[in-house]
2 protein chains.
Amino acid sequence: MSKKELPLLQPADPAAPCCSPLAREPLSGAEAATLAPVFKALADPVRLRLFSLIASSAGGQACVCDLTVAFEVSQPTISHHLRVLREAGLVDCERRGTWVYYWLLPNALARLSALLTPAAAAA
Amino acid sequence: MSKKELPLLQPADPAAPCCSPLAREPLSGAEAATLAPVFKALADPVRLRLFSLIASSAGGQACVCDLTVAFEVSQPTISHHLRVLREAGLVDCERRGTWVYYWLLPNALARLSALLTPAAAAA
DNA sequence: TTTCTGATTAGACATCCGTCTATGTACGAC
DNA sequence: GTCGTACATAGACGGATGTCTAATCAGAAA
């Protein structure tokens with residue numbers, strides 16, 4: 001395979017948003033150290049499903065009780081994964097009476113999306 | 001050189017730009033099991049920088065020798081991280097003479113971007 | 001051929017991670 | 001108050017991960 005064509009990677013027009021920020025300029029060590037934990041938080045199948053399940057729940061939030069029954073791991077394990085998501089800044093939670101509700105922090109998703117998406121920097 | 005392609009998760013419904021696919025519908029266990037390794041491959045600061053460095057290199061590719069000098073870890077460690085990126089379907093490589101060149105597999109970035117970005121199909 | 005350089009592989013090692021059980025805490029009902 | 005339920009925390013355990021050194025492989029040049 002020669003480097004005949006690498007369509008999405010060529011900065012053909014320097015004026016246009018050629019590619020995602022990740023591909024436009026090398027990440028600094030500091031940036032990488034900030035971003036990697038966010039990817040790491042989503043790097044587990046259970047957490048990825050938890051994140052998606054919270055995001056797609058009615059009202060944009062879900063209580064732990066509903067999340068727990070959707071998986072086959074123990075309740076403390078769910079609690080652990082939720083904490084990882086929380087500490088990564090991906091979700092937040094609040095106790096309301098008996099139940100604890102989790103929701104997405106939209107900035108987190110937007111940050112990752114902006115990092116990976118070509119046109120995102122123009123917005 | 002590895003050429004494994006991970007299946008593409010794409011609800012592909014341009015008529016519903018409400019939110020990212022991740023937030024539109026809960027991920028299945030199988031989808032999560034497919035996607036989590038890609039996030040995991042980017043979940044290390046060195047690998048994240050390697051990925052970005054390759055992507056932003058002139059011609060969209062970089063040789064290992066250039067990548068190695070950009071970090072303070074040993075050359076075998078760089079080689080290890082490059083393999084992780086390769087096995088996640090994020091990059092591919094080829095030996096040309098003395099040097100081995102790496103480049104991004106564009107679908108990988110597009111896959112993640114589509115997962116996280118609202119109305120990704122419109123891009 | 002031999003030698004040198006670039007890169008991968010092998011193996012070891014310390015640390016991290018995901019999971020569990022057991023326990024603790026918060027809240028509502030009685 | 002006590003009891004029961006929802007959730008978090010503590011600690012332990014096995015397996016995965018990131019890093020290193022040493023060895024090996026691949027190609028170019030003398």
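Each chain gets a letter, A, B and so on, in the order its sequence line appears, and its residues count up from 1. Side-chain atoms are counted along with the backbone in the values below, which use heavy atoms only and exclude waters and symmetry mates.
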- Query: Nearest heavy-atom pair of Ala88(A) and Val38(A): which atoms, and what distance?
  - Reply: O-CG2, 4.2 Å

- Item | Short side-chain N/O contact to dT19(C) OP1/OP2 from Thr77(A), under 4.0 Å | no

- Note on the structure: DNA chain C nearest-nucleotide lookup for Arg95(A) and Ala43(A): closer to the 5′ end is Ala43(A)

- Mind checking Tyr102(A) for me? I need base, sugar-phosphate or nothing, with any heavy atom below 4.0 Å counting as a touch. sugar-phosphate

- Item | Phosphate OP1/OP2 of dT8(C): any Arg83(B) side-chain N/O under 4.0 Å | no

- Between dG6(C), dA8(D), dT19(C), which nucleotide gets closest to the side-chain atoms of Cys65(B)? dG6(C)

- List, by chain and number, the other hydrophobic cluster members for Trp99(A), where Ile, Leu, Val, Met, Phe, Trp and Tyr join if side-chain heavy atoms come within less than 4.5 Å, directly or indirectly. Tyr101(A)

- Ranking dT9(C), dA8(D), dA7(C) by distance to the side chain of Gln75(B), first place goes to dA7(C)

- Check whether any side-chain N or O of Arg47(B) sits under 4.0 Å from OP1 or OP2 of dT17(D), and answer yes or no. no

- Would you say a side-chain N or O of Lys40(A) is under 4.0 Å from OP1 or OP2 of dC17(C)? yes

- Take Ser113(A) and Thr117(B), measure what side chain to side chain donor-acceptor pair (under 3.5 Å) needs, and give me the verdict at the end. CA-CA 5 Å; Ser113(A) 179; Thr117(B) 306; 2.7 Å; yes

- Query: Please give, in whole Å, the distance from dC20(C) C1' to Ile78(A) CD1?
  - Reply: 13 Å

- Query: With a non-hydrogen cut-off below 4.0 angstrom, is Ser74(B) in contact with a base, only sugar-phosphate, or nothing?
  - Reply: base

- Query: Rounded to the Å, how far apart are Leu85(B) CG and dA7(C) C1'?
  - Reply: 16 Å

- Query: What are the two closest non-hydrogen atoms of Leu85(B) and Phe51(B), and how far apart are they?
  - Reply: CD1-N, 4.2 Å

- Nucleotide nearest Arg86(A) when distance is taken to its side chain, options dC7(D), dA7(C), dA8(D): dA8(D)

- Query: Where the side chain of Asp44(B) is defined as all heavy atoms beyond and including C-beta, which of dC7(D), dA7(C), dG18(D) is the nearest nucleotide?
  - Reply: dG18(D)

- By nearest-nucleotide position on DNA chain C, the 5'-leaning member of Arg96(A) and Glu72(A) is Glu72(A)

- Nearest heavy-atom neighbours spanning Gly89(B) and Ala108(B): O-CB, 3.5 Å

- Message: Side chain of His81(A) only, heavy atoms from C-beta on: which candidate in dG18(C), dT9(C), dG18(D) is closest?
- Response: dG18(C)

- Query: Can you check whether Thr98(A) has a side-chain N or O nearer than 4.0 Å to OP1 or OP2 of dT5(D)?
  - Reply: no

